[in-house]
K.L.:
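Got a structure for you, questions after.
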Number of protein chains: 2
Amino acid sequence: MLSGRQEELLKLVIEEYIKSARPVGSKALCKKLKCSSATVRNEMMLLEELGYLEKTHISSGRIPSSSGYRYYVDNLLEPKEISGDDMLKLQTIFSNNNLVLSEAISKSLEIVSDITNYTSVVLGSASKDNNLMKVEVVPISQNKVIAIVITDKGIVENKQINLSESVDQNELSKTTELLNKMLVGTPISLVPSKLEFEIKPIISNYVKNYEVLYNAFYEALSDFTNEKEVRFTGKTNILKQPEFSTVDDVKNIISKFESKDIVSKIEETGNEVKVYIGENSEFDDNVAVIKTKYKTKANEGTIAIIGPKRMEYDRVLSMLEYIKKHIEEKYE
Amino acid sequence: MLSGRQEELLKLVIEEYIKSARPVGSKALCKKLKCSSATVRNEMMLLEELGYLEKTHISSGRIPSSSGYRYYVDNLLEPKEISGDDMLKLQTIFSNNNLVLSEAISKSLEIVSDITNYTSVVLGSASKDNNLMKVEVVPISQNKVIAIVITDKGIVENKQINLSESVDQNELSKTTELLNKMLVGTPISLVPSKLEFEIKPIISNYVKNYEVLYNAFYEALSDFTNEKEVRFTGKTNILKQPEFSTVDDVKNIISKFESKDIVSKIEETGNEVKVYIGENSEFDDNVAVIKTKYKTKANEGTIAIIGPKRMEYDRVLSMLEYIKKHIEEKYE
DNA sequence: TTTTAGCACTCTTCTTAAAGAAGTGCTACT
DNA sequence: AGTAGCACTTCTTTAAGAAGAGTGCTAAAA
């Protein structure tokens, strides 16, 4: 357990480092702690032994370690209200009634990204408790049809299908009718198995190209579950941070942004706004990720801010909380 | 006009520089030109005076200037057939009949990007000569409907609409019916004005929420014309090129990739495969862009490869030509 | 027992110098 | 016209020294 002064010191070091991005020396903190630099040094040694502070080299000032930040976020950060300025900017989004959910999310994260110079990510995903509302098959030429699937939450997916032979108009509408009759109201996740085991046996008798149609629907439906859209804003913002000052750092972080498994790395399951620091972020040792899941009736997904470990935690936390709350209220 | 030997020399310098990425000295070319380094130097001076070669400093070897590359591409590049290996890889795409246009394009450019280590861009855009095939309005809750627009080229757009008051089911289907009757077959570009001037007067009498519906359709339709999708592959590939060795170079090029007006910078109007070098590329002084427009019945757009000026022009040219040709044939 | 002053020490950063390499331009010769 | 030779320029690398920042430790003061 840290003493009051040690906590105070840790806090000062971190906040100073967040501002300046350079190691903090003992002298700089004398006045604020009302003691001499020697005393500060002694305390710093202790904090270093405990793993909260580090040195970049033997005679440098101190920088916070990942667990230093961790301690700071968990224990030292007073639950700060969102600042008036920041709130004002976000309000322009949530007071606009013409925006649909995805726009509101994108735009509000854009604001965060702009004013903080960090990078934001939205991981949109259609929630799995969509129910099928309507199926439509529209022929657009001799051997091309479009399968359209609409859910009760207002999500529309479509898939173009090339048929090997031309399909009879009648067969098509019969199929569609049947599909609608049997599928409307079914949770999307159950549709594929229903297609396979309940509908296929009935319909395969009198529709020649059933296989093809089946596949097309299968693909259109899999877009709901598989395809999680990732939207970045301000990918280059984070490069303005002084921690990315070498070519390799920059290349490294950029290629992480582009990497295929970004989804699994960003996706959040918890319901609170959480802070992941460094190694802990699963993303990159040199960044912190603040993220949360949002959940409305129609959708759920993750919103995240990626910044240097030396990040304005309180500010970002309060903004993300504000956004999450308003999204969930407004699009409930 | 350049002498035979001068052309030969220019070609050798460029090809050597493309391989090595370092200034080419006179000694390196003696054997190939069967003369002494002094002679090579004399010719080099001449080529420098003509603006085709440059020095990085007073006693360095030569590197090609933008107009050097230009001359090379326009006059020295024998129209090279695509190499067997490259062709083989691309054939896997075009022999697959399950791919729709946009997938085929993306995947083939992915291949180019992978094997060349340059960055590729696809600028997809629904062609304007889509005709409206079907309009659908699906209510999903009390005061939410989805407007769906389908064209004869198989493009589907949808827009969710929040209605201020709940809409009568009957009114909705009447409206939809009318819209279909009057709009089917209309070129997409003409739909808005038709909506405004022909349909509005008729319908506004007996549908309360006509304004809202109108706006929704308007927005769904504008997605066809406005929204040009930009898809990059291998954004980080180009960073492997040695010309991007300083932080600023990297940051600079990355932020160009992210910039808003990327569309206008990449979009190509010409029908051939064209090469833009350096300043000429409109994109960045340090890159070359090879691009062409593709055009099928349903779509048109631009495909482009962005690489260093020191790019394997012949290879990329032949691959892009191959891709363009096969796309246009296959999806004609 | 806690705090402080003082000092030697370490490591970084900046500047300068010197040595080596690469390659040119020019002159004079073939 | 082509070539050999050489002085010259510039870059790159390495080394060395000086200045600056900040530490850890010791011993004295509170």
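In what follows, chains are A, B, ... by sequence order, proteins preceding strands, each numbered from 1.
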K.L.:
Does A/Arg41 have any side chain to side chain contact (heavy atoms under 4.5 Å, CB included) partners at least two apart in sequence or in another chain, and if so, which?
P.N.:
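Counting only residues at least two positions away or on another chain, A/Arg41 forms a side chain to side chain contact (heavy atoms under 4.5 Å, CB included) with A/Ser26, A/Ser37, A/Ala38.
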K.L.:
Atom CG of B/Leu33 and atom P of D/dA1: how far apart are they, to the nearest Å?
P.N.:
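Between P of D/dA1 and CG of B/Leu33: 18 Å.
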K.L.:
Does D/dG2 have OP1 or OP2 under 4.0 Å away from a side-chain N or O of B/Ser36?
P.N.:
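False: B/Ser36 side-chain N/O out of range (4.0 Å or more) of D/dG2 OP1/OP2.
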K.L.:
Mind running a 4.0 Å heavy-atom check of residues 240-247 of chain A against DNA chain C and sending the residues that fall below it, in number order?
P.N.:
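Per residue number, the list is empty: none.
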K.L.:
Does the pair A/Phe283 and A/Phe257 meet the rule for a ring pair (Phe, Tyr, Trp, His ring centres under 6.0 Å), with working shown?
P.N.:
CA-CA 9 Å; A/Phe283 183 74; A/Phe257 283 155; 5.8 Å; yes
K.L.:
Regarding B/Tyr52 and B/Glu7, do their side chains bring together a donor and an acceptor under 3.5 Å, going by distance alone?
P.N.:
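There is no such pair between these side chains.
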K.L.:
Looking only at side-chain N and O atoms, does B/Lys274 offer a donor or acceptor that is under 3.5 Å from a partner on B/Thr292?
P.N.:
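Their side chains do not contain a donor-acceptor pair, so the 3.5 Å distance test is not met.
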K.L.:
Measure from NZ or CZ of A/Lys11 to the centre of the six-membered ring of A/Tyr72 and say whether it is under 6.0 Å with the direction within 45° of the ring axis.
P.N.:
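Ring-cation test returns no.
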K.L.:
Using modelled atom types only, decide if a donor and an acceptor are shared between the side chain of A/Arg22 and the backbone of A/Gly61 within a distance under 3.5 Å.
P.N.:
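Here the side-chain-to-backbone pair does not exist.
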K.L.:
What's the NZ-P distance between B/Lys31 and D/dT3, to the nearest Å?
P.N.:
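Taking atom P of D/dT3 as the reference, NZ of B/Lys31 is at 14 Å.
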K.L.:
Does any N or O in the side chain of A/Glu78 come within less than 3.5 Å of the main-chain N or O of A/Lys80, such that one atom is a donor and the other an acceptor?
P.N.:
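Side chain of A/Glu78 to backbone of A/Lys80: no pair is present.
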K.L.:
Base, sugar-phosphate, or nothing for A/Ser26, non-hydrogen atoms under 4.0 angstrom?
P.N.:
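Answer is sugar-phosphate: A/Ser26 comes under 4.0 Å of backbone atoms only.
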K.L.:
Quick one: CG on A/Asp248 to CG on B/Leu239, what's the gap to the nearest 0.5 Å?
P.N.:
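It is 11.0 Å, given to the nearest 0.5 Å.
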K.L.:
Looking at B/Asp74 and B/Arg70, does any basic side-chain N land under 4.0 Å from a carboxylate oxygen?
P.N.:
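Between B/Arg70 and B/Asp74 there is a salt bridge, with a charged N closer than 4.0 Å to a carboxylate O.
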K.L.:
Looking just at side-chain N and O atoms, do B/Lys324 and B/Asn271 make a donor-acceptor pair shorter than 3.5 Å?
P.N.:
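Yes, side-chain donor-acceptor contact under 3.5 Å.
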K.L.:
Could you give the distance from CD1 (A/Ile14) to CG (A/Leu76), rounded to the nearest 0.5 Å?
P.N.:
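Nearest 0.5 Å value for the CD1-CG distance: 7.0 Å.
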K.L.:
Along DNA chain C, 5' to 3', what are the outermost nucleotides having an atom less than 4.0 Å from a heavy atom of chain B?
P.N.:
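Terminal contacting nucleotides, 5' to 3': C/dA22 to C/dC26.
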K.L.:
Rounded off to whole Å, could you give me the CE-to-P distance for the A/Met45 and D/dG22 pair?
P.N.:
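Whole-Å distance recorded here is 17 Å.
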K.L.:
NZ of A/Lys235 to CD of B/Glu258: how many Å apart, nearest 0.5 Å?
P.N.:
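Spacing of NZ (A/Lys235) from CD (B/Glu258) equals 5.0 Å.
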K.L.:
Please identify each residue that fulfils side chain to side chain contact (heavy atoms under 4.5 Å, CB included) with A/Glu81, with sequence neighbours left out.
P.N.:
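If we apply the side chain to side chain contact (heavy atoms under 4.5 Å, CB included) test to A/Glu81, skipping adjacent residues, there are no hits.
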K.L.:
Which ones in residues 47-65 of chain A lie close to DNA chain C, meaning a heavy atom under 4.0 Å from one of its atoms?
P.N.:
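Going residue by residue through residues 47-65 of chain A, the ones with a heavy atom under 4.0 Å of DNA chain C turn out to be A/His57, A/Ile58, A/Ser59.
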K.L.:
Look for any protein N or O under 3.5 Å of an N or O in nucleotides 13-19 of chain D and output each such pair with its distance, or none.
P.N.:
none

